[in-house]
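Just so we're on the same page: letters track the sequence lines, and every chain starts at 1.
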Amino acid sequence: MPAFLVRPASLVTIPFIPLPGVPVTLPSLASSLSDSVTAAAARLGLSELAPQVRRSEHADFQADGVLAAARILRRRPRDVAAEVVAALPADGLVAAAEVAGPGFVNLDLTDRALLAQLADRLAAPRLGVGTPETGVTTVIDYSQPNIAKEMHVGHLRSTIVGDALVRILEHLGGAVVRRNHIGDWGTQFGMLIQHRVEHPEPVDTTDVTTMRRLAALYRRARAKFDADPGFADRARQRVVALQAGDPQTVAAWRDIVAESTRYFTDVYDRLGVRLTDADAVGESAYNAVLPDVAADLERQGVAVTSDGALCVFFDDVRGPDGEPTPLIVRKRDGGFGYAATDLAALRQRVTELRADRLLYVVDARQALHFRMVFDTARRSGWLPPTVPAVHVAFGTVLGPDGRPFKTRAGDTVRLVDLLTEAVDRARDVVAAKNPGLTGAALDERARQVGVGAVKYADLATSRTRDYTYDPQRMLALAGNTGVYLQYAHARIRSILGRAGGAEAAVDPTAALDPAERALILDLDTFADTLTEVVAGYEPHRLCGYLYRLAQTFTTFYEHCPVLRAEAPTRGNRLALCRLTGDTLRTGLELLGIDAPDQL
RNA sequence: GCGCCCGUAGCUCAGCGGAUAGAGCAGGGGACUUCUAAUCCCAAGGCCGCAGGUUCGAAUCCUGCCGGGCGCACCA
């Protein structure tokens, strides 16, 4: 069983001993408490009790599960809960434990335990976040733009969600292979190249304008293809020439691909996304192995010929007419479609890249396609049972009218335009709030804030649901936005800067303010949150966590002066600032959002 | 017809077996000689689409409806 499938079994209490250089997960207070309750249950012989410790409004934590256990034991829940409370180990962790309601166990921790945890987490490498992904190789497919087409807002989610997952998996010690499966092959290149041959144009130097012209060329070629049968014929011949490897045609195709790739790189740089040329493996890269993919499937009997096409059939996949709908590996005309390409890529990712896990960050509309591809790969043995393949689906972008966002020419919102507007708006706000900032420094800050806002807006909602493209929401700089987190972080850096040296010494004997308690409790769940994010490939949970943390910090900020406080409170509050600041910065980095020291 | 996703405050969304369902935005009222007011506080706002079922306990799990989006043979 791969390491990432093993759920941490917190049945045994293991003292946390950080080894130098070895990143270990610092057990959270919740997991320590869970151990305590389990120990109490064991002492009482209550094997039926599976405690679920979670945060509570009525106490620091509540332990659930007593009600279910009492039901099995046919005993009064409150009696069982009282016994558990009485049997809790006296380890200095729990300050107060009481039975509440029908049989809940409310648990309050001692200030000392909270402060000790704060000190441990500050001292631990990497904020106590371990590397559970060590030894696991993930191949993740995301972004997937098309050559000769501009990237629009529909590409944003795949690119940003994928980038965040890459960062998080790598942070947890995993090896991640990024694959940008670019659409660089197909019949549309025939008309594109033919049009260019018939109407040669000088190549511009700036990437974005080049791309804009290339996209316009695409539209003109398309129009001519539809209107002029003679041109359509020449375009079809051009496709044949391209596939046959005609040098002049291939050279033209390479030019178009190169222009587009430069443009993609430019967009990725603006976005601060870690995708490079090396990660771009276009569909054309698999051309040579497609015949073998087909032959292998056919030899194994997974694929059969139907209506002249090589098809894989599925018991439960049928069309509106009730007839089975196959995955078409090879078309009747002998050509290969994207199913063949995806299968070839999958096989290569497992066999050559040694993937332990395959992720595809792709629009939810491709769900059936991926089901068929994965099923085919399982049947053919290319995808072993030990390797999970997950379609990390996200909802469709809807237009301002609530209708699906159309990608018709002229109707798309260019990603570049969205980013430009975001940065422009951010520049206005930054300049107004911070008049001292000018020139390149202002531009950089505007970029960090503007792009951060767009990314956060896209990452913060759960990825499965459709979402409405709403520039006002994406570009907002107030409320639950990326800026709120950046602002909280900047305030913290400001305090730490004013404090000067390393005064963040924790004194565990001090008494805690409620706002300080709440902050320690929130800070403690960072590592657990990352585990949740990976379990469901859901970066929005990290957004939710960071927003909550920033809110809790702001409450602390309002109630608890740091620099004016006396020792030992001052040292403890500085420690809280430091840990909160580091957690916010690390969390934002994992989302791909910059956390400048000043706004 | 079958399949996938989604119905939670006026709007955009969290919460996905635990006690009285939470944010943000919009609208109403208030707080800047203070560690950054890009902030905070207060009030207001809800048959969690509907109906059954499972459970000590359901917005959360199951079934069936209703409503919306998407997909279902040679485009990707």
Review point. A/D184 CG to B/rC75 C1': how many Å, rounded?
Key: 16 Å

Review point. Has A/R491 got a side-chain N or O lying under 4.0 Å from the OP1 or OP2 atom of B/rA37?
Key: yes

Exercise for review: Using the P atom on both, measure B/rU33 against B/rG49 and round to a whole Å.
Suggested key: 46 Å

Point to revise | P gap between B/rG45 and B/rG7, integer Å | key: 25 Å

Check your understanding: Taking the side chain of A/L368 as heavy atoms from C-beta outward, which of B/rC72, B/rC35, B/rA38 is closest to it?
Key -> B/rC72

Check your understanding: Any donor-acceptor pair under 3.5 Å between the side chain of A/Y338 and the base of B/rA76?
Key -> yes

Study note, to complete from the structure: The nucleotide from B/rC35, B/rU39, B/rA38 with an atom nearest the side chain of A/Y484 is B/rU39

Study note, to complete from the structure: Here the distance between atom P of B/rC4 and atom CG of A/D316, to the nearest Å, is 9 Å

Revision key, fill the gap. Whole-Å distance, A/Q472 CD to B/rG24 C1', equals 14 Å

Review point. A/Y557 side chain: which of B/rA19, B/rA76, B/rA37 is closest?
Key: B/rA37

**Study point:** Minimum-distance nucleotide to A/T325 side chain [options: B/rU39, B/rC72, B/rG24]
**Key:** B/rC72

Point to revise | Distance, P atom - from B/rC47 to B/rC41, rounded to whole angstrom | key: 26 Å

Check your understanding: According to a strict under-4.0 Å criterion, is A/Y467 in side-chain N/O contact with OP1 or OP2 of B/rC5?
Key -> no

Practice item. Looking only at non-hydrogen atoms, find the nearest pair between A/A59 and A/N106 and report the distance. Key: CB-CB, 3.7 Å

Check your understanding: B/rA76 base to A/Q144 side chain: any donor-acceptor pair below 3.5 Å?
Key -> no

Point to revise | Any-strand Watson-Crick or G-U partner of B/rC65, both distances under 3.5 Å | key: B/rG49

Point to revise | A/Q62 side chain, from C-beta outward: closest of B/rA19, B/rU34, B/rC74 | key: B/rA19

Point to revise | Euclidean distance, atom NE2 of residue A/H559 to atom P of B/rA31 [Å, nearest integer] | key: 18 Å

Review point. Is it true that the side chains of A/R491 and A/T580 contain a donor and an acceptor less than 3.5 Å apart?
Key: no

Check your understanding: What's the shortest heavy-atom distance between A/H181 and A/D342, and which atoms?
Key -> NE2-OD1, 3.4 Å

**Study point:** Span that lies between the C1' atom of B/rC75 and that of B/rC50, in whole angstrom
**Key:** 40 Å

Revision key, fill the gap. The nucleotide from B/rC35, B/rC56, B/rC13 with an atom nearest the side chain of A/S494 is B/rC35

Exercise for review: Hey, which sits more toward the 5' end of RNA chain B by its nearest nucleotide, A/Q188 or A/R465?
Suggested key: A/R465

Exercise for review: Take A/N480 and A/Y456 through the side-chain hydrogen bond (donor to acceptor under 3.5 Å, both in side chains) test and state the conclusion after the steps.
Suggested key: CA-CA 9 Å; A/N480 182 1; A/Y456 186 85; 2.7 Å; yes

Review point. RNA chain B: A/T464 or A/L67, which has the more 5' nearest nucleotide?
Key: A/T464

Practice item. For A/D64, answer base if it contacts any base atom (sugar-phosphate contacts may also be present), sugar-phosphate if it contacts only those atoms, and nothing otherwise; contact means non-hydrogen atoms under 4.0 Å. Key: base

Check your understanding: Would you say a side-chain N or O of A/H540 is under 4.0 Å from OP1 or OP2 of B/rG15?
Key -> yes

Review point. If you measure from the P atom in B/rC25 to the same atom in B/rU39, how many Å do you get, rounded?
Key: 7 Å

**Study point:** A/D466 to A/G395 - nearest heavy-atom pair and separation
**Key:** OD1-CA, 3.4 Å

Practice item. Using the P atom as the reference point in each nucleotide, state the distance between B/rA59 and B/rC42 in Å, no decimals. Key: 27 Å

Review point. On a whole-Å scale, what distance lies between the C1' atoms belonging to B/rG67 and B/rG29?
Key: 39 Å

**Study point:** Pairwise P distance for B/rA38 and B/rC32, with rounding to whole Å
**Key:** 15 Å

Review point. Hey, does the side chain of A/K433 come within less than 4.0 Å of B/rA37's phosphate (OP1/OP2), counting only N and O?
Key: no

Check your understanding: Applying a 3.5 Å limit to both distances, which nucleotide forms a Watson-Crick or G-U wobble pair with B/rA19?
Key -> none

Exercise for review: Determine which nucleotide pairs with B/rU33, using a 3.5 Å limit on both distances of a Watson-Crick or G-U wobble pair.
Suggested key: none

Exercise for review: State yes or no: are the ring centers of A/H369 and A/Y338 separated by less than 6.0 Å?
Suggested key: yes

Check your understanding: OP1 or OP2 of B/rG18 sitting under 4.0 Å from any side-chain N/O of A/R54?
Key -> yes

Practice item. Please check the phosphate of B/rA73 (OP1 and OP2 only) for any side-chain N or O of A/S306 closer than 4.0 Å. Key: no

**Study point:** G-U wobble or Watson-Crick pairing nucleotide for B/rG24 (cut-off 3.5 Å, both distances)
**Key:** B/rC11

Exercise for review: Using only side-chain N and O atoms of A/R318, determine if any of them is under 4.0 Å from OP1 or OP2 of B/rA73.
Suggested key: no

Review point. Which nucleotide sits closest to the side chain of A/Q551: B/rC13, B/rA23, B/rG18?
Key: B/rA23

Study note, to complete from the structure: The nucleotide from B/rC35, B/rC6, B/rA38 with an atom nearest the side chain of A/V483 is B/rA38

Review point. Looking only at side-chain N and O atoms, does A/R541 come under 4.0 Å of OP1 or OP2 in B/rG15?
Key: yes

Practice item. Give a yes or no on whether the backbone of A/G101 and the side-chain of A/R78 come within a donor-acceptor separation of less than 3.5 Å. Key: yes

Exercise for review: Among the candidates B/rC6, B/rU36, B/rC40, find the nucleotide nearest to the side-chain atoms of A/A490.
Suggested key: B/rU36

Check your understanding: Roughly how many Å is it from CG in A/L310 to P in B/rC74, rounded to a whole number?
Key -> 15 Å

Check your understanding: Would one find a side-chain N or O of A/S462 under 4.0 angstrom from OP1 or OP2 of B/rA14?
Key -> yes

Practice item. Give the rounded distance in Å between these two atoms: CG of A/D315 and P of B/rC72. Key: 20 Å

Check your understanding: With distance as the sole criterion, do the side chain of A/N106 and the base of B/rA19 form a donor-acceptor contact below 3.5 Å?
Key -> yes

Check your understanding: Is the closest basic N to carboxylate O distance between A/E83 and A/R75 below 4.0 Å?
Key -> yes

Study note, to complete from the structure: A/E323 CD to B/rG71 C1', in whole Å, measures 18 Å

Review point. Which of these nucleotides, B/rA73, B/rG24, B/rA14, is closest to any side-chain atom of A/Y547?
Key: B/rG24

Review point. OP1 or OP2 of B/rU36 sitting under 4.0 Å from any side-chain N/O of A/R498?
Key: yes

Please table the atom pairs, donor to acceptor, closer than 3.5 Å between any side-chain atom in residues 543-557 of chain A and protein atoms at least two apart or in another chain.
{"residue": "A/Y545", "atom": "OH", "partner": "A/D522", "partner atom": "O", "Å": "2.8"}
{"residue": "A/Y547", "atom": "OH", "partner": "A/Q551", "partner atom": "NE2", "Å": "3.4"}
{"residue": "A/T552", "atom": "OG1", "partner": "A/D522", "partner atom": "OD2", "Å": "2.5"}
{"residue": "A/T552", "atom": "OG1", "partner": "A/R548", "partner atom": "O", "Å": "2.9"}
{"residue": "A/T554", "atom": "OG1", "partner": "A/Y484", "partner atom": "OH", "Å": "3.3"}
{"residue": "A/T554", "atom": "OG1", "partner": "A/A550", "partner atom": "O", "Å": "2.8"}
{"residue": "A/T555", "atom": "OG1", "partner": "A/Q551", "partner atom": "O", "Å": "3.2"}

Exercise for review: May I ask which nucleotide in the shown strands pairs with B/rG1, Watson-Crick or G-U wobble, both distances under 3.5 Å?
Suggested key: B/rC72

Review point. When the distance from CE of A/M372 to P of B/rA73 is rounded to whole Å, what number comes out?
Key: 8 Å

